[in-house]
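Here the structure is laid out as structure tokens; the discussion comes afterwards.
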There are 2 protein chains.
Amino acid sequence: MTDRPARPLTLRDVSAASGVSEMTVSRVLRNRGDVSEATRKKVLEAAQTLGYVPNQIAGSLASQHVNLVAVIVPSLSNMVFPEVLTGINQVLEDTPLQPVFGVTDYMRDKEERVLYEMLSWRPSGVIIAGLEHSDATQAMLQNAGIPVVEIMDTDGNPVDNMVGISHRQAGLDMAKAILKQGYSRIGFMGTSMPRDHRARKRFEGLTEGLAKAGIEIEARDFYEGGSALAKGREMTKTMLDANPDLDFLYYSNDMIGAGGLLYLLDEGIDVPGQIGLAGFNGVELLQGLPRQLATTDACRLEIGRAAAEIIRDRNAEGADQSPKHITLTPTISYGDTLRRALRA
Amino acid sequence: MTDRPARPLTLRDVSAASGVSEMTVSRVLRNRGDVSEATRKKVLEAAQTLGYVPNQIAGSLASQHVNLVAVIVPSLSNMVFPEVLTGINQVLEDTPLQPVFGVTDYMRDKEERVLYEMLSWRPSGVIIAGLEHSDATQAMLQNAGIPVVEIMDTDGNPVDNMVGISHRQAGLDMAKAILKQGYSRIGFMGTSMPRDHRARKRFEGLTEGLAKAGIEIEARDFYEGGSALAKGREMTKTMLDANPDLDFLYYSNDMIGAGGLLYLLDEGIDVPGQIGLAGFNGVELLQGLPRQLATTDACRLEIGRAAAEIIRDRNAEGADQSPKHITLTPTISYGDTLRRALRA
DNA sequence: TTGAAAGCGCTAACAA
DNA sequence: TTGTTAGCGCTTTCAA
């Protein structure tokens, strides 16, 4: 066990220890240019025994290249964003690029601060959730001079690239599916909306889809914070007590939907006969519930991968710099809670 | 909408635009030293209209200070680490320090690579999960010359600081609780162990605690990957089919425990009368299940906060640099699945 | 294949 | 209160 060094090691130290110029040491450590096998070995050995770790700060300043990709998401605590990050990781793992994550807690001003912090490191790209940003954030993205990918949502105008699904369409499609199964008295439960634009758009899509059939949502309720599963239980009870005639409940995410499902099963209510249910996200976590909740797969992994691929490709030499707009098509899985027609 | 600049702006540009020296511009932008209100205003205005974002790379190189804290965890996809990160975030939010996350997927060599990458940015501290690392990782942590906090686990020897709980003790305590409630034929289900040292230590603690009463674990099973809830169902069925006499099942995490619980309820098995259950972590997510699963709270948020506080304090001027070893005491919540004694 | 010189954009230290 | 000088540790460029 050696003492802690007072000063981190530099190239100069490796140069001195190996008897090779700093420049050549640098070349060896980066596998650049032609270096003889002999000096190569000397350098590597010296670096190893000293325990040298290169200083990327100096390196990046000199080369004007930073192998960081800023990734900005609203939250890590629900199941959706970790999976997006996994997709990003998967793709960037095979490149020199490294993702750096920032969290906004669904707050515009925090998003602004986080982006500013990240841009000050001069990353090689930005992946950011959503299309709704403050003016300052928009301006920063616009002027950053690096590829930007706005992810998750495609209902709006991106600054540069865009990968996601249409949440309005997801709401519309769910409305169609619900109606087709013969449900008509619909309740909606979700997160408090001003903060979550994608949930809002799904809600609007649902409303519009039902309106086409002359149907209005009969009840709605929104929550903030707390255990989603427990909230789903509570809200479902409250809503059904107040609106006993409802025959379908659409939830803005799978967790509260699962809470609702467990509540209905506890109460002995016939699902999907008396009441149908659907959530949103396609959270794998929930496989294993007594019944499979109907849901829309949000293509999270795929979105992460596609976004990372855009950043990767844009950073390649001679890359096509034209913006890519990718709209993925989510599929509805009917599970065991959206099948009334089959019982007829 | 302005054009994308070919070259990012520099202090020099702000200096030119404001007619103030680079140095003074720098002072204004960092709120350092005395600057007259007049020049301050001039500078801020120029920076604003140009849309200048400082270059931290150059700044950090010059000042030899990097306000980054490296945070290295095995995974983002189970509920436990996001909550640790939340705790870290909470504390660092009020400081100039910024967390940067890295993920190891429970792989030693990946941990090594990620740490190397992060150290090359010369962060002001490292927070890393677990006490078991490769020799190279140990050496890097040892020689980094910055505060290091190893978190989650306290059964071992840290390089520097340590914050966590004793998983051996958690296993022992659970054994005691199980025995006290009159259970005696115990099965264990968990993650594949070589990769998860903390689960292994809980298992060892449990084994030891039971051994004191002359009891041996009768069945055990391990899983990898897949939806934990579904795995919990499957494994529980398999184990009970093969060992119908078991009267208690201890799971290495709450999700598979919840899967087991749902399975038993489906089968109409009396919980906790015929079979008792316990998980681990104290995952808030699961509130809302039909019965509350017994569990041990892993103090995740608190661990994150304490670790961040150590890094913060160590980076303060004139800070006490002596290593801190903090062992938190987890509490068992009995829920509705560890109460056989009450039925007697 | 190797080395020397210059400079990346900023800030510490000092001078005015 | 403001400005000047030097240099952080590396890489680019050019010369040997």
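Below, read A as the first sequence line, B as the second, and so on, with proteins coming before strands; counting in each chain starts at 1.
Look at B/Arg40 and B/Asp34 and you find no salt bridge, because none of the NZ, NE, NH1 or NH2 atoms lies under 4.0 Å from a carboxylate O. B/Asp135 has no carboxylate O lying under 4.0 Å from a charged side-chain N of B/Arg108, or vice versa, which leaves the two without a salt bridge.
Just one residue in the list B/Asp160, B/Ile127, B/Ile128, B/Asn157 forms a side-chain contact (heavy atoms from CB on, under 4.5 Å) with B/Glu150, and that residue is B/Ile128.
Looking at heavy-atom distances under 4.0 Å, B/Asp34 makes contact with a base.
If B/Glu22 and B/Leu61 are placed on DNA chain D by their nearest nucleotide, the residue sitting closer to the 5' end is B/Glu22.
The interatomic distance linking B/Asn31 (CG) with C/dT11 (P) rounds to 12 Å, in whole Å. C/dC8 atom C1' lies 16 Å from atom CG of B/Leu9, rounded to whole Å. The CG-P distance, from A/Leu11 to C/dG3, rounds to 13 Å in whole Å. The nearest whole Å value for the distance from the NZ atom in A/Lys42 to the C1' atom in C/dT2 is 11 Å. Rounded to whole angstrom, the span from the CG atom of B/Asn55 across to the C1' atom of C/dC8 amounts to 9 Å. Taking atom CZ of residue A/Arg32 and atom P of nucleotide D/dT11, one finds them 9 Å apart after rounding to whole Å. At whole-Å resolution of the value, CE in B/Met23 and C1' in D/dA6 are 12 Å apart.
Nearest nucleotide to the side chain of B/Thr24, out of D/dG3, C/dG9, D/dC10: D/dG3. The side chain of A/Thr39 has C/dT2 as its nearest neighbour among D/dT2, D/dG9, C/dT2. Closest approach to the B/Ser21 side chain among D/dG3, C/dG3, D/dG9 is made by D/dG3 (side chain taken as heavy atoms from C-beta onward). Out of C/dG3, C/dT1, C/dC10, the shortest distance to the side chain of B/Thr10 is found at C/dC10.
Counting atom types as modelled, B/Arg27 pairs a side-chain N or O with a base atom of D/dG3 as donor and acceptor under 3.5 Å.
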Subject >> Residues B/Asp105, B/Lys110; criterion salt bridge (Lys or Arg N to Asp or Glu O under 4.0 Å); working and verdict >> reply: CA-CA 8 Å; B/Asp105 293 325; B/Lys110 196 164 175 201; 2.9 Å; yes
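Remark: the B/Ser134 side chain and the B/Glu112 side chain contain an N/O donor-acceptor pair separated by less than 3.5 Å.
A distance-only check finds a donor-acceptor pair linking the side chain of B/His133 to the backbone of B/Gly130 [under 3.5 Å]. With hydrogens and angles ignored, the 3.5 Å screen pairs no side-chain donor or acceptor of A/Ser60 with any backbone N or O of A/Ile57.
Non-hydrogen atoms lying under 4.0 Å from DNA chain D are contributed by A/Ala62, A/Ser63, all within residues 62-70 of chain A.
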